Amino acid sequence: MEATVDIGGNAYTLASDDNYLANMGASFEPETVKLLKILAHGVALDVGANIGCTALAMAADSTPKCSAFERPLEHF
């Protein structure tokens with residue numbers, strides 16, 4: 001599934017192979033994004049990133065270096 005999602009005022013086309021995007025709606029956690037803009041500066045890691053929405057929120061404005069990691073389910 002693909003969807004265009006607003007993350008912190010930026011539109012991203014995201015893809016997912018489950019119902020995550022269908023359940024998210026048109027905007028990714030606006031209150032969380034506001035908090036990340038206040039707290040995340042410098043270097044950030046998004047561990048357990050799923051499709052990377054939190055990493056996109058941090059990297060868009062406030063965090064010059066952001067890395068996202070997600071481990072495929074078959075490794076659990």
Side-chain angles (χ1 to χ4, degrees):
M1 167 181 209
E2 278 193 6
T4 300
V5 178
D6 178 276
I7 302 175
N10 299 306
Y12 296 93
T13 300
L14 305 175
S16 179
D17 60 358
D18 57 18
N19 290 329
Y20 184 74
L21 289 171
N23 293 321
M24 182 186 311
S27 183
F28 173 71
E29 301 182 16
E31 296 302 318
T32 300
V33 172
K34 287 179 191 176
L35 182 63
L36 290 172
K37 287 185 179 198
I38 295 168
L39 298 176
H41 297 281
V43 177
L45 298 175
D46 183 1
V47 180
N50 195 352
I51 62 172
C53 293
T54 303
L56 288 169
M58 289 187 287
D61 296 316
S62 57
T63 309
K65 292 187 177 188
C66 182
S67 297
F69 302 91
E70 178 61 43
R71 188 173 185 178
L73 288 174
E74 62 265 11
H75 289 107
F76 288 101

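Here the structure is a predicted model, which means the values were calculated and not measured. By convention here, the first residue in the shown sequence is residue 1.
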Legend entry - Flag side-chain contact, heavy atom, 4.5 Å: Cys53 against Met24: yes

Inset, instruction - Can you sort out the partners of Leu56 under side chain to side chain contact (heavy atoms under 4.5 Å, CB included), two or more places apart, ordered by chain and number? - result: Ile7, Tyr12, Leu14

Legend entry - side chain to side chain contact (heavy atoms under 4.5 Å, CB included) partners of Asp6, counting only residues at least two apart: Ser27

Inset, instruction - Could you work out the complete set of other residues in the hydrophobic cluster of Phe69, with links drawn between I, L, V, M, F, W and Y side chains under 4.5 Å apart? - result: Leu45, Val47

Legend entry - Glu70 to Ala49 - nearest heavy-atom pair and separation: OE1-N, 3.0 Å

Inset, instruction - For residues 11-32, pull every pair meeting salt bridge (charged side-chain N to carboxylate O under 4.0 Å, His left out), keeping only residues two or more places apart or in separate chains. - result: Glu31-Lys34

Inset, instruction - State, to 0.1 Å, how close Cys66 and Met58 come at their nearest heavy-atom pair, and which atoms those are. - result: SG-CE, 3.9 Å

Inset, instruction - Identify the two heavy atoms, one from Phe28 and one from Val33, that lie closest to each other, and give their separation to 0.1 Å. - result: O-CG2, 3.5 Å

Legend entry - Shortest non-hydrogen contact between Glu2 and Ala15, atoms and distance: CG-CB, 4.0 Å

Inset, instruction - Mind checking the OG-CG spacing from Ser16 to Leu21? Nearest 0.5 Å is all I need. - result: 5.0 Å

Legend entry - For Val43, the rest of its hydrophobic cluster, which grows through side-chain links under 4.5 angstrom: none

